[in-house]
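Each remark here refers to the structure printed beneath this line.
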Amino acid sequence: GILEISFLFSLNDKICKLREELNDSILNGQDYSVTYELSIALDELIAEYYKVEIDSSTTQKLRKTKAKMQKKLICY
């Protein structure tokens, strides 16, 4: 229910911040190992986001918010 949604929004915030760090790392030409580690961490967070979303999508309320959450995953 609400805890799952809250957790997904928290994960989304972490994903957006890490995505920014990764982009900055690429743009600033940081060492490849730093960029690689950021990329791996980002992949793990995204996988966790979708795992929690899929596990939680059995309830009617979460199905209704699924489209909203997927849109929110896009960072502007």
Quiz prompt | Residues forming a side-chain contact (heavy atoms from CB on, under 4.5 Å) with S39, sequence neighbours excluded | solution = L22, D43
Quiz prompt | Other cluster members, Y32 - Ile/Leu/Val/Met/Phe/Trp/Tyr, side-chain contacts below 4.5 Å | solution = Y36, I40
Quiz prompt | Approximate separation, where rounding is to 0.5 Å, of K17 NZ and L45 CG | solution = 11.5 Å
Self-check item: Inter-residue atom distance E20.CD - I15.CD1, 0.5 Å rounding
Solution: 13.0 Å
Quiz item: Going by heavy atoms in the side chains, are K14 and S10 under 4.5 Å from each other?
Solution: yes
Quiz item: Is there a side-chain contact between L18 and E44 (heavy atoms, below 4.5 Å)?
Solution: no
Quiz item: Can you name the side chain to side chain donor-acceptor pair (under 3.5 Å) partners of N28, sequence neighbours left out?
Solution: none
Quiz item: If you take all heavy atoms of T35 and Q30, which pair is closest and at what distance?
Solution: OG1-O, 4.1 Å
